[in-house]
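Below, read A as the first sequence line, B as the second, and so on, with proteins coming before strands; counting in each chain starts at 1.
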Amino acid sequence: MDKNQSTGLLFEISHKGRRCHQLPECDVPFPESSKSMDSKYLSKANLGLPEIAESDLIRHYTNLSTRNMSIDTNFYPLGSCTMKYNPKRHERLSALSGMAHVHPLQEDSTCQGMLEIMWEMQNFLGEIAGLDGVSLQPAAGAHGELTALLVAAAYFRHRKEKRTKVLIPDSAHGTNPASAAIAGFDTVTIKSNSEGKVDMDDLIPKITNETAVFMITNPNTLGLFDEQIVKITDLIHKAGGLVYLDGANMNAILGITRPGDFGADMMHYNVHKTFTGPHGAGGPGSGPIAVRKQLVPFLPSPIVVKTNHGYHLDYNRPQSIGRVRSFFGNTGILLRGYFYIRTLGAEGLRKVSEHAVLNANYLLSKIKDHFDVPHSRGCMHEFVASARNLRKDKKISAMDIGKRLLDHGYHAPTVYFPLVVPEAMMMEPTETESKETLDHFAETLIKIKNEDAELLHHAPHTLEISRPDEVKAAKEPVLRWKAK
Amino acid sequence: MDKNQSTGLLFEISHKGRRCHQLPECDVPFPESSKSMDSKYLSKANLGLPEIAESDLIRHYTNLSTRNMSIDTNFYPLGSCTMKYNPKRHERLSALSGMAHVHPLQEDSTCQGMLEIMWEMQNFLGEIAGLDGVSLQPAAGAHGELTALLVAAAYFRHRKEKRTKVLIPDSAHGTNPASAAIAGFDTVTIKSNSEGKVDMDDLIPKITNETAVFMITNPNTLGLFDEQIVKITDLIHKAGGLVYLDGANMNAILGITRPGDFGADMMHYNVHKTFTGPHGAGGPGSGPIAVRKQLVPFLPSPIVVKTNHGYHLDYNRPQSIGRVRSFFGNTGILLRGYFYIRTLGAEGLRKVSEHAVLNANYLLSKIKDHFDVPHSRGCMHEFVASARNLRKDKKISAMDIGKRLLDHGYHAPTVYFPLVVPEAMMMEPTETESKETLDHFAETLIKIKNEDAELLHHAPHTLEISRPDEVKAAKEPVLRWKAK
Amino acid sequence: MSYLLNTQEDEIQMLKSIGIKNIEDLFAHIPESVRMKRLLDIPAPMSEMELTRHVGRLAASNLNADNAVCFLGGGSYDHFIPAVVDTISGRSEFYTAYTPYQAEASQGSLQAFFEFQTLIAQLSGMDISNASLYEAGSALGEAILMAMSLTGRSAKVLVADTVHPEYKLSFSTFLANLEPKIETVASKNGKVCLKDLESKLDEGTCCFIIQHPNFFGNLEDVDEIARLVHSKGALFVSTYDPISLGILKTPGDYGCDIAVAEGQCLGNPMNFGGPYLGLLSCREEFVRKIPGRLVGQTVDRNGKRCWVLTLQTREQHIRREKATSNICTNQGLFALRAAVYLAALGPKGLQETAELCFRKAHFAAELLCKIPGVTLKFNQPFFKEFTLELPCPASHIIHSLADDGFLAGLDLARWFDGMKNSILIAVTEKRTRSEIERFAAAFAAAVENSKSKGKNASYKS
Amino acid sequence: MSYLLNTQEDEIQMLKSIGIKNIEDLFAHIPESVRMKRLLDIPAPMSEMELTRHVGRLAASNLNADNAVCFLGGGSYDHFIPAVVDTISGRSEFYTAYTPYQAEASQGSLQAFFEFQTLIAQLSGMDISNASLYEAGSALGEAILMAMSLTGRSAKVLVADTVHPEYKLSFSTFLANLEPKIETVASKNGKVCLKDLESKLDEGTCCFIIQHPNFFGNLEDVDEIARLVHSKGALFVSTYDPISLGILKTPGDYGCDIAVAEGQCLGNPMNFGGPYLGLLSCREEFVRKIPGRLVGQTVDRNGKRCWVLTLQTREQHIRREKATSNICTNQGLFALRAAVYLAALGPKGLQETAELCFRKAHFAAELLCKIPGVTLKFNQPFFKEFTLELPCPASHIIHSLADDGFLAGLDLARWFDGMKNSILIAVTEKRTRSEIERFAAAFAAAVENSKSKGKNASYKS
Ligand SMILES: Cc1ncc(COP(=O)(O)O)c(C=O)c1O
Ligand SMILES: Cc1ncc(COP(=O)(O)O)c(C=O)c1O
């Protein structure tokens with residue numbers, strides 16, 4: 001029950017001489033050698049870290065925490081983010097000493113349990129993707145995109161093919177073009193058609209012998225499954241290119257259809273979305289990738305293999321692109337994904353997607369007569385409503401509606417993405433919400449739509465703060481506290 | 001960031017067919033014998049437990065939790081309750097399997113670590129009390145009072161003395177007379193004098209050969225150390241009676257003075273106060289007792305003893321009153337007390353009391369010119385202010401001030417206790433609050449005093465609810481939800 | 001090490017404001033003669049790192065339900081605790097709050113306790129429940145006080161000798177200096193002897209206390225007992241196993257007046273005996289005699305539904321020596337845990353849990369009874385716990401199975417002479433078939449071993 | 001098992017509202033040809049009880065820093081994690097929130113990240129920090145991209161061969177298809193050879209990357225390096241050990257331009273390699289080139305101070321292929337943990353921790369070097385980690401010490417041929433004297449043993 005107490009900055013509540021964590025006396029003699037440390041190495045000034053007692057530290061952060069919305073406190077229909085419930089058993093089990101305190105460079109023989117899990121996880125992700133090889137190394141989805149594109153580049157280099165272009169639909173997430181650029185490719189944008197899917201007339205002429213990869217999100221960021229996908233992947237393959245699937249929306253198709261089966265050659269998972277790693281207010285995530293047979297040799301090293309001497313990490317992969325990070329991967333999040341998959345099994349995974357799509361379509365059915373949803377046909381796990389008419393008629397923007405929702409205890413949908421829909425409000429309820437919650441949310445949305453525009457422009461009215469001045473933040477950036 | 005979501009009653013958000021905890025298939029064959037269960041034993045109707053999914057269950061309780069004030073979020077100067085900070089390491093360590101999952105009826109040889117801790121704890125509490133024997137069995141302070149009085153009764157029975165009366169100052173906590181009654185004694189109330197201490201003129205004539213026990217709280221509930229204590233204990237002892245110390249206020253005198261040294265023969269500790277067991281919104285607590293040599297044989301069984309075969313539980317205590325509860329005691333809270341004592345050591349414990357008293361006196365110094373504090377001389381770890389004048393002059397009651405403090409993010413002091421002070425506001429800051437917090441609190445108190453009476457009568461204004469109708473609650477008690 | 005915040009500089013300013021020179025002056029009014037002249041004799045302080053190492057070492061030395069396989073029960077059970085229970089009881093706002101005296105700042109806990117009261121009433125089939133007592137033993141003491149003042153009878157309290165011995169010891173001590181004498185009703189083949197009950201019931205009897213399933217695991221003839229007890233105008237107090245109500249009928253179903261239980265099994269760890277959770281529920285009309293905290297529903301100034309501590313005129317802080325009980329701090333956090341546990345299981349979960357206990361216990365009993373010389377001591381229906389008669393002292397078996405990593409069960413010789421060879425075994429839903437089979441095998445070996453030993457040497461346990 | 005809420009009845013109503021008959025219809029537009037006709041090949045579901053047992057068994061089979069004594073480092077360290085760190089990062093509102101896009105509903109995390117940025121800037125002695133990157137290896141990749149666009153040089157990147165081999169592998173992959181070629185600067189006696197550096201630095205060099213203390217544990221001549229690098233207009237990128245800054249001077253002190261670090265040691269468990277925490281801080285003037293999230297301070301409509309994600313025009317969701325980085329989800333929760341850790345330690349705590357590491361490492365080194373044939377491979381000043389030359393393959397020692405319950409150290413043969421007999425050993429503040437002494441004794445025995453073995457059989461490790 002926070003009342004603005006202890007939420008000054010750590011540095012403002014710091015008080016000279018206070019201590020929280022205290023250390024034992026040193027129990028070893030002062031070693032000869034240590035005297036030899038030259039003063040030129042030693043620190044000069046005090047680091048200016050805050051000095052805070054344990055009770056104040058706890059009060060500070062406990063009160064801060066209550067200034068957040070979160071899955072555990074609020075419905076969070078943030079499109080493209082798959083904010084599903086994070087099971088508590090995952091937190092308990094991933095904290096076991098034999099999980100949390102295993103060193104990444106231990107001998108394989110001393111961490112067989114961990115390797116068994118990671119080996120199984122590779123297989124699960126391969127099976128769900130319908131692809132042949134998996135790397136668990138990437139730390140998040142964007143990292144997975146980059147890794148896969150580096151694999152593709154190595155593959156073409158190996159084949160001595162000079163392919164420089166990556167084709168990306170205009171509805172794609174920003175990480176796709178950004179990853180392509182870092183991987184050294186030129187990006188070519190593909191238009192969306194009136195249905196919000198790939199515009200074949202725009203795509204076909206852009207497929208050339210320079211085409212390296214076509215990156216597609218399917219279901220796409222409008223929540224639509226592009227049924228042209230088989231045709232598209234054929235075209236790309238015929239032209240000698242590879243197809244990349246952005247797997248951020250896998251929550252819609254688990255056990256229903258597999259990227260490998262509809263022609264994708266590479267994909268990433270967002271384990272922190274589809275397989276419910278807690279988002280941590282911005283990570284950590286985990287972005288493993290799955291690829292088709294011909295690309296397997298190029299995957300990062302190591303990969304877990306099973307031999308008759310047990311599991312081990314195979315580094316002996318001469319064609320591998322190498323590493324994309326230090327150590328094994330974001331194991332802690334992979335563990336949660338593993339717990340989730342083992343908990344649900346095949347049926348359970350399929351039901352996840354069935355109900356994710358059911359919930360989205362149900363919510364859509366509740367609001368579609370009240371909000372303009374440009375591309376509602378074939379909605380999967382999410383859909384994108386548009387406030388463009390509201391904007392015209394009542395000067396109410398997508399942002400206004402999002403902010404007003406906060407007053408009602410709902411997190412806002414993803415707004416202004418994808419870019420192809422003006423005043424976009426992207427809603428993804430996920431399968432872990434009830435019909436009742438969706439009913440109340442829909443009612444609220446409709447109520448808000450009919451509220452006074454002024455009220456909405458100034459929303460939220462009941463939160464910790466009102467709307468922040470973002471322009472000021474960017475114009476005169478203040479990125480740290482400074483002692484006066 | 002709670003918005004009244006998921007906080008209907010569990011029974012109201014229940015939805016037929018939902019599940020949270022699910023169990024495995026039974027892995028044993030259906031046993032012959034089990035068929036033999038007669039249907040007369042079997043349940044008839046459904047129990048009407050709620051049906052809730054894990055995500056809703058977590059949201060329900062997480063949102064509920066934010067409707068509480070607590071140490072971790074607010075300053076909590078609740079007099080007589082010693083609301084000090086509860087160190088997080090205690091929660092971590094008491095949750096270890098080797099602590100939390102030890103069965104109370106294991107063979108001693110299989111729980112030597114646990115017994116070692118409990119044995120040390122007995123010694124620590126004996127040393128801090130200045131007394132000879134300790135029982136860790138009582139579950140809370142009141143339970144400790146009762147246990148000690150039962151010990152006293154057994155002691156007098158053993159000595160064939162018929163002593164029926166327990167003398168209790170009018171400033172005592174309600175549990176003292178209540179415990180005396182259950183222990184089979186008649187209670188005699190002793191007046192307080194103008195200084196808020198024991199009125200010797202009232203006490204002396206009431207000391208007779210029927211006097212069994214004199215129960216005193218020292219420092220008393222006014223936060224005053226009664227310096228007549230030595231004289232009093234002498235008088236009681238001369239009359240053949242025993243002196244009981246209510247140890248709820250031990251936080252004021254750790255390592256400063258010892259009950260045994262000032263004449264107490266028996267006492268209880270509130271481990272959940274003095275030694276920082278979390279209060280859990282009403283327990284669990286732990287109320288071990290310490291007694292003088294002649295009473296040790298009568299302590300409950302078992303007691304931990306150390307032999308050269310290690311530690312064991314001694315049940316062979318023929319004069320013991322027996323048990324006051326099943327199993328060993330509130331071990332989980334005793335563990336936290338042990339962790340605390342081992343963390344602080346002798347110096348640390350003494351400093352606890354020094355700073356508890358320092359903080360109380362400092363707060364007193366800040367407000368005494370603004371509030372009427374009838375008995376401020378010799379204030380220890382807490383003091384009792386009175387709103388009687390405010391009441392007269394401005395119709396502002398202690399309750400009004402307490403409620404208004406809530407609006408400022410401070411928990412209210414203990415109000416209307418002790419009964420000897422009209423419009424009492426009992427404030428105990430504890431040693432784990434900073435000077436800054438006390439300064440802000442004092443300013444707020446003074447500000448409130450000068451606020452408009454109407455505003456105060458209707459306070460709080462910013463919490464989950466406004467003042468509840470307590471009369472209605474008691475007149476037409478609704479103690480459970482009922483299906484319509 | 002310390003948790004203090006105020007530094008020496010702070011101290012100086014604070015002393016100035018108080019108007020004294022140094023901290024000692026704060027204690028000046030404590031008679032010199034009784035002030036400590038030395039430091040307490042307490043070991044040196046430990047940093048968190050040292051404490052963590054120290055406690056870790058001690059913890060590792062204890063056999064427990066994680067590093068051993070637990071078949072030990074007798075009132076404390078190794079049931080599974082879903083993670084959600086720990087998560088919720090780990091919320092700071094719940095576990096670092098005090099008793100909810102200020103309703104406006106405590107609606108979270110108050111609502112949770114109101115839900116708890118409802119859950120326990122529903123579970124036990126009674127009208128109302130309080131907000132918790134310490135544990136079952138002392139709760140029975142409170143139930144007796146209640147029964148005395150409800151019936152106006154204080155001559156006699158009857159208790160079945162199939163009730164947990166530690167419960168009996170607890171309430172006997174509790175009543176030591178009050179009027180009623182406590183008489184034990186004999187048992188026959190492991191359950192209440194109805195004849196003996198009938199003969200001992202009289203107009204002075206305020207209540208009869210049973211445990212069902214009883215201490216030996218057996219089911220009692222609850223309907224007949226209820227009839228007999230009520231026929232003499234006494235109250236029927238029953239101690240139940242909350243988990244058993246997943247399949248067994250409730251105290252309310254069989255006419256119990258005051259239902260008491262140990263709530264440890266509802267999501268609370270065994271904690272070497274505590275904190276546990278005393279459950280007490282009863283008929284509506286007893287409401288003003290009920291001990292302990294009660295949370296009631298009401299409305300606030302604006303008519304909004306809310307919750308408060310109520311009927312406090314029963315309690316010690318108002319009624320003092322006339323209070324229904326002396327209890328103050330109760331078991332709030334563990335009541336919360338029990339509520340979360342029950343809500344997490346729901347009706348199906350509780351039923352499945354009870355069925356698993358039942359089936360696995362019976363499977364284990366059958367396996368163990370295949371061991372030569374091992375038999376069920378009573379041929380009575382039981383739920384999750386049963387008593388075996390062994391061809392050797394139970395203590396031998398328990399010791400040797402401990403070395404095999406089993407908490408084998410309870411040596412009944414602890415309380416009952418003449419039961420040297422009897423062991424009480426509990427089987428919860430957590431036990432797997434393979435654990436039970438390994439247990440039976442190890443058990444057989446231990447019996448073999450002990451018998452042969454028995455032949456030559458006949459050493460004392 | 002499932003986490004679904006909607007029952008079959010709900011389903012029916014929902015389908016009606018949608019206007020379809022059954023769930024399959026929802027997927028009608030997915031081409032029949034690519035729809036799955038079978039269930040996924042995934043093991044059967046597990047209840048929480050089964051999963052807990054299964055994972056418990058697997059966890060128990062792993063040697064770890066709790067059941068073994070850890071002297072293994074090489075970028076991941078067994079430092080003590082105060083309980084407060086777990087308590088705070090365990091708050092639901094922190095770990096179940098998404099990236100704080102809606103500032104009004106995210107002030108908790110935004111303020112915490114602003115504090116994190118300040119703490120890292122203070123710690124590293126740089127002007128500004130971002131809100132975290134994945135981990136050190138990829139963070140160095142980001143630093144190089146930054147350096148390229150800041151210097152406008154893209155011909156050459158220089159890296160010391162004393163930098164962690166996995167970091168080098170990581171950013172090399174990262175840059176594989178971009179312009180700059182990566183050249184390694186040789187080392188001499190375990191630290192950067194200044195001559196070689198000087199000879200390789202030129203006008204095309206965008207930056208030089210070192211690690212200090214370096215991978216082998218040795219301290220680099222940071223001042224001289226800074227001078228050389230800047231003299232050629234290149235940027236100086238240094239990878240530091242955050243704990244070491246309790247006693248060593250900061251990157252800011254020695255003229256580093258972009259400071260990168262692995263933040264695992266700041267209150268984060270070793271987690272078999274992740275999640276970890278990439279730290280990147282730099283000079284103020286680089287602000288618009290910095291990769292990743294940035295939290296900035298501003299005011300709300302009422303002039304109240306608050307925090308928002310800012311300078312997003314650098315980022316992928318606005319800039320797409322022109323973004324400074326492709327990073328989106330970063331390491332929020334671990335940044336929070338690091339902030340809590342640093343706040344919990346404070347200046348004295350960090351200094352004491354660093355001193356304990358330093359003294360215990362040197363104590364261990366002295367003890368180990370008493371073993372015949374064991375010597376420090378480099379005679380350089382070091383902090384908490386050092387390299388030993390052994391009279392036998394490191395792998396032998398590591399294997400046999402694992403059986404004694406030690407994670408003995410890192411076999412350098414993993415990356416460096418010719419270092420078959422070299423082991424890298426890390427000593428943190430957690431190691432006690434007795435652990436170090438037991439370690440040295442076991443180490444001596446293992447060396448003895450291996451040498452003798454070595455004589456007769458010369459088997460491969
Ligand atoms: C469609 C899409 N692609 C890629 C990403 C990037 O994934 P991550 O944030 O895990 O790097 C996201 C998530 O933000 C996304 O929604
Ligand atoms: C002075 C005093 N005595 C006794 C008690 C009773 O202790 P407990 O609540 O632990 O039973 C209390 C606490 O409320 C108290 O303040």
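Between D:Ser47 and B:Gln22, the shortest heavy-atom contact is CB-O, 3.5 Å. Here the closest non-hydrogen pair linking B:Ala53 and D:Leu4 is CB-O, 4.4 Å.
In this model, a donor atom of one side chain and an acceptor atom of the other lie less than 3.5 Å apart for B:His15 and D:Asp10.
D:Leu51 does not touch chain B: none of its heavy atoms, backbone or side chain, sits under 4.5 Å away. Residue B:Arg92 touches chain D through its side chain alone, counting heavy-atom pairs closer than 4.5 Å.
Interface summary for chain B: among D:Leu5, D:Thr7, D:Thr87, the most heavy-atom pairs under 4.5 angstrom belong to D:Leu5.
Taking a 6.0 Å sphere around CD of B:Glu347, one finds it holds 12 or fewer heavy atoms contributed by other residues, nucleotides or ligands.
Between B:Arg18 and D:Asn6, the closest side-chain pair of non-hydrogen atoms falls below 4.5 Å.
For the atom pair B:Thr62 OG1 and D:Glu93 CD, the distance stands at 7.0 Å (nearest 0.5 Å). Atom CD of residue B:Glu25 and atom CD of residue D:Glu50 lie 8.5 Å apart, to the nearest 0.5 angstrom.
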